[in-house]
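Remarks on the structure that follows.
So that the names make sense, note that chain A is the first sequence line, chain B the second, and so on, each numbered from 1. Quick note: numbers below take in every heavy atom, side chains included, and nothing from hydrogens, waters or symmetry partners.
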Amino acid sequence: MQKFRANLMVCAGTGCVACNALKVKKSLSDEIGKRRLQDEVQIVLTGCNGFCANGPIMSVQPDGIFYQKLKPEDIPIIVEEHLLKGRPVEKFMFREPESKTAVPKMNDIPFFKLQVLRALRNKGMIDPENIEDYISRDGYQAAAKALLELTPEETIKIVKDSGIRGRGGAGFPTGLKWEFCSKVISSSKYILCNGDEGDPGAFMDRSIMEADPHVVLEGMIIAGKAIGATKGYIYVRAEYPLAVKRLQLAIDQAKETGLLGENILDSGFSLDIEIYLGAGAFVCGEETALMRSLEGKRGMPRPRPPFPAVKGLWDKPTVLNNVETFANIPQIILNGAEWFRQLGTEKSTGTKVFVLTGAMNNIGLIEVPMGIPLKTIMYDIGGGISKGRKFKAVQGRHGRHKLYGERGEILSRVHRGRILRQMPSLQSGDAGDVRQIDRYNRGKRKGKRHRASPRPFA
Amino acid sequence: MAKLTISDLKQIKEKHKSTFTLREGGYRAKVTVHMGTCGIAAGARNIVNALMDEIGKSGADDIIVTTSGCAGLCSKEPMVTVEILNNPPVKYKELTEDGIREIFREHVLGGKIVDKFALVIGSETTY
């Protein structure tokens, strides 16, 4: 095994790729070749780092020096100064929005420091297109445990005890859903992954699928074993080409190495997973509509009961979980329910991935413990309102147009139990488009009543 | 690639351990080679190469090598700083390829400071 003294982790999420990350990468490999550092320094393309508005992004390990807004022409100076002479280049570092001082290390930047990574634990750490990278971070260990050491009942008990709720929005306890389905007797059952993320501005699931596709597969294997599934589908929208590409690559690698398909890890359990491309209808994020769409029919929701756990895809018992839910499962199986409950609130355990957009200083993808005050998200992680403007309101989740003002609500906690009663707009996790307030005010000025968009089914 | 077993999973993890020590930061020892213009002119590149070679040969997966700028004592280059976890850093001066190999074996692996190259205990703050 060749040893490198430095790893350059170049973000190749959709955001960074859109602002030329691949050209930056090419410039890096050219320059490193020119300086004859190719045997000492390795370039790794990773999934979404999360600090999307500051892309293209690169972090240099071992020291975790963070560079942002890179251009291909900036690379020669970084290679010479930092990689050759060991002097990190301040010009391309993150600066505190107010004091303007450079912060060299990624983990010292508040945006990163205050996060707790569980579902996103491999973001920026692994090459998503390399199964060995995933395995090196304990990948497929949880699947091995669930397939060889635990009974389906034990797996379900761990997931139930962890208290994890579905990350797609409705917040239904995941373990309970699995238990319902596991008790139904049927010759075929399905495990589905909902990657049909449709909320404008949200990209939590896309980032996971791009940065860590194997974790989704591993979560599905564990769930599949628990409910007795015979086949799995990942329903992902076709507008996510990079996520689709990396998922397909991950499926191919897992099949080739026997981690998917017949008799996984000699456990006797077999599961095949296929990707199904959605055409981008928002309603197909709703589970019954998604299943109809998967059957090749028009994606329309149907009334429940019967619940999908009893009659789902092709009228067979089916469990559908969100991408982020699956991404949490392997860690729960490896570390236990108690570990998972250490973070979050009593009724909403664990962490949640959010997307911050709008007029804030730091924009991107974050993972924080449930129950964190919205104020911490906005001011500490988000860095406050951009251009020194005054805070007006925050909008949670897509078209419901719920706005939260400065008094009272902003101090509310991101708590699923309360969300369901008071703050439905924060469920799916995309917090905060501050610009929405302007639209709201314009409507009022014209004397129009502000109307909420139709209530989505999810 | 053939079908994997549980022990294969563990082997793959072992194989990449040094890479992830590097990325995650869970290292036991860190050797910083000072690579200012003075260091490079005095032969710091060869020091890095010899060091990487020794690490490769030893199979150690908990040691990282970084570079930093001029340490300020240009006349004593090439210099390195060896930091073993929970121990104060030690600076070495006027190194040769054989010298760094000896320091690697004695100090980095064995924990014993090599007096003949040692300059001082302590270090300036670097990133």
Fill in: A/Glu132 with B/Lys15: basic N within carboxylate O range, under 4.0 Å
yes
Discussion item. Consider side-chain contact (heavy atoms from CB on, under 4.5 Å). Of A/Lys85, A/His82, A/Arg5, which one does B/Thr67 pass it with?
Written reply: A/Arg5
Worksheet item: How about B/Asp8 and A/Ile135: do any of their side-chain heavy atoms sit closer than 4.5 Å?
Response: no
Discussion item. If you count heavy-atom pairs within less than 4.5 Å of chain B, which of A/Ile264, A/Asp39, A/Asp266, A/Val44 leads?
Written reply: A/Val44
Item to complete: Check the pair A/Asp133 / B/Lys13 against salt bridge (Lys or Arg N to Asp or Glu O under 4.0 Å), numbers first and verdict last.
Response: CA-CA 8 Å; A/Asp133 268 24; B/Lys13 193 182 167 185; over 6 Å; no
Worksheet item: Do B/Phe20 and A/Ile126 come within less than 4.5 Å of each other through their side chains, counting heavy atoms only?
Response: yes
Response to the item:
Rounding to 0.5 Å, atoms CG (B/Leu22) and CZ (A/Phe4) come to a distance of 10.5 Å
Practice prompt. Please determine if A/Glu40 and B/Arg45 form a salt bridge, counting it only when a charged side-chain N lies under 4.0 Å from a carboxylate O.
Written response: yes
Worksheet entry | Note: B/Glu24-A/Arg137 ion pair, threshold 4.0 Å (strictly below) | yes
Response to the item:
So, the part of B/Val48 with a heavy atom under 4.5 Å from chain A: the answer is side chain
Worksheet item: Is the shortest heavy-atom distance from the side chain of A/Gln141 to the side chain of B/Leu9 under 4.5 Å?
Response: yes
Worksheet entry | Under 4.5 Å from any heavy atom of chain A - which part of B/Ile64 | side chain
Worksheet item: How about A/Pro62 and B/Thr66: do any of their side-chain heavy atoms sit closer than 4.5 Å?
Response: yes
